[in-house]
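Everything below concerns the one structure shown next.
Count residues from 1 along the sequence. Computation of the quantities below employed the complete heavy-atom set of this structure, encompassing side-chain atoms and omitting hydrogens, waters and symmetry-equivalent molecules.
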Amino acid sequence: MCQNNRTMKLHHILYTLLLISLFPITSNGQPARKEKLRVISYNIWNGFEQVGFTEKNLGQLASEYGHKYYAIVKEEGYPVGITSNEPITVVKKQVEDFWHGMLHVKTYGLDIIVTHLSPHDWKFRLKEAQMLTKYIQDNQLDNCMVMGDFNAYSPFDADWVETHAQLIKNKQKWDAEQETYRNMRDGRLDYSVLSQFLSIGLTDICRLYVPA
């Protein structure tokens, strides 16, 4: 979400996560746009503890921190949405073939794709990533941002993540208890999902500002 300087009321959020945003950069490694734009991505459990977060709910929330414009992909289950203090044009909403959906909007002159990839299965996540990157390429979205919960690890973080033995054991244990889903790829952490986005020229913008 984009947010102005007013404080957002977050006391009902069980947890918040600053998540990866993927953004095109120029050949010298700098962001393609020089204008400053504040973008915040929240993973909000159960729509402030209430399943069935509607577009009206999102609009009421957005008004509390000064945003007039908002859009949501669906009103059942776990939706993804976006708010802005500039007009939003909804380009595409798609729920079919996605775990939680895909929302493509235009605001601030940017194409923004909001999604939430599968939390349970690396194969499903990879399929979603492939659909999204194909959509970006097919529609020639050369000035776009992809954001949301990717539920995946970046290959650039592999040397750090691989040192966390307990994390790996926990994920292996979870997989062993499931009949269908697998978060691990043959018992190993999977990096193919974010690699799919990186492969078409998108860049993890956090890497420009956060130490290795």
Side-chain angles (χ1 to χ4, degrees), residues 1-26 30-95 98-117 132-133 135-136 139-151 197 201-210:
M1 299 181 188
C2 302
Q3 181 175 318
N4 59 19
N5 290 327
R6 297 180 63 181
T7 302
M8 182 178 181
K9 297 179 180 179
L10 295 172
H11 56 281
H12 291 305
I13 294 181
L14 293 183
Y15 61 86
T16 60
L17 295 173
L18 179 61
L19 302 167
I20 289 177
S21 296
L22 298 171
F23 195 76
I25 61 172
T26 59
Q30 296 301 311
R33 291 176 64 88
K34 295 182 179 180
E35 298 87 346
K36 290 184 178 180
L37 178 66
R38 179 176 294 178
V39 180
I40 299 175
S41 179
Y42 285 107
N43 184 341
I44 303 172
W45 178 256
N46 281 344
F48 299 98
E49 301 184 52
Q50 296 179 10
V51 179
F53 204 66
T54 67
E55 193 159 55
K56 182 179 179 180
N57 295 146
L58 182 60
Q60 291 171 340
L61 173 66
S63 68
E64 294 186 21
Y65 51 89
H67 282 190
K68 297 180 181 179
Y69 309 99
Y70 51 91
I72 198 169
V73 73
K74 60 183 180 180
E75 293 191 338
E76 66 281 341
Y78 294 84
V80 296
I82 186 171
T83 75
S84 176
N85 54 14
E86 289 290 324
I88 292 174
T89 300
V90 175
V91 179
K92 185 178 181 64
K93 294 182 180 183
Q94 183 173 339
V95 175
F98 283 93
W99 197 276
H100 290 305
M102 181 274 281
L103 176 64
H104 174 198
V105 304
K106 291 183 72 74
T107 187
Y108 278 95
L110 289 171
D111 286 286
I112 299 180
I113 294 175
V114 189
T115 191
H116 187 154
L117 306 186
L132 288 168
T133 52
Y135 179 84
I136 291 169
N139 291 278
Q140 299 181 340
L141 305 182
D142 297 326
N143 194 27
C144 75
M145 179 181 291
V146 184
M147 56 193 307
D149 189 346
F150 293 86
N151 276 310
F197 290 103
L202 292 170
T203 299
D204 177 0
I205 195 171
C206 295
R207 295 191 66 242
L208 300 176
Y209 305 103
V210 179

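Note: His67 and Tyr65 meet the aromatic proximity criterion, with ring centroids under 6.0 Å apart.
For Glu86, the side chain to side chain contact (heavy atoms under 4.5 Å, CB included) partners are Ser84, Thr107, Tyr108, not counting sequence neighbours. Remark: Lys74 engages no residue in a side chain to side chain donor-acceptor pair (under 3.5 Å) (not counting sequence neighbours). With sequence neighbours excluded, the residues that form a side chain to side chain contact (heavy atoms under 4.5 Å, CB included) with Phe98 are Gln94, Met102, Thr115, Glu128, Met131, Leu132.
Ala71 approaches Leu58 most closely through the heavy-atom pair O-CD2, 3.3 Å. Nearest heavy-atom pair, Gly109 versus Asn143, reported as atom, atom and distance to 0.1 Å: O-ND2, 3.9 Å. In plain terms, the two heavy atoms of Lys56 and Glu75 that are nearest each other are N-OE2, 4.4 Å. Across every non-hydrogen atom of Trp99 and Leu117, the tightest pair is CB-C, 4.4 Å. Smallest separation of non-hydrogen atoms from Gly81 and Val114: O-CG1, 3.8 Å. Nearest heavy atom pair, residue Asn85 against residue Gly66, reads CB-O, 4.1 Å.
Across Ile82, Val80, Leu141, a single residue satisfies side-chain contact (heavy atoms from CB on, under 4.5 Å) together with Ile113, and that is Leu141.
Here OG1 of Thr89 is found 10.0 Å from NE2 of His104. Values are rounded to the nearest 0.5 Å. Distance check: Thr133 OG1 to Leu202 CG gives 8.5 Å after rounding to the nearest 0.5 Å. A distance of 12.5 Å separates OH of Tyr69 from OG1 of Thr83, quoted to the nearest 0.5 Å. Here the CG-OH distance, from Asn43 to Tyr78, works out to 10.5 Å after rounding to the nearest 0.5 Å.
A heavy-atom distance below 4.5 Å is found between the side chains of Val146 and Ile136. In this structure, Leu103 and Ile72 have side chains that are not in contact, with every pair of non-hydrogen atoms separated by 4.5 Å or more.
For Asp149 (side chain) and His116 (main-chain N/O), no donor-acceptor pair under 3.5 Å exists by modelled atom type.
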Step by step, would you call Asn139 with Val91 a side chain to side chain contact (heavy atoms under 4.5 Å, CB included)? CA-CA 11 Å; Asn139 291 278; Val91 179; over 6 Å; no

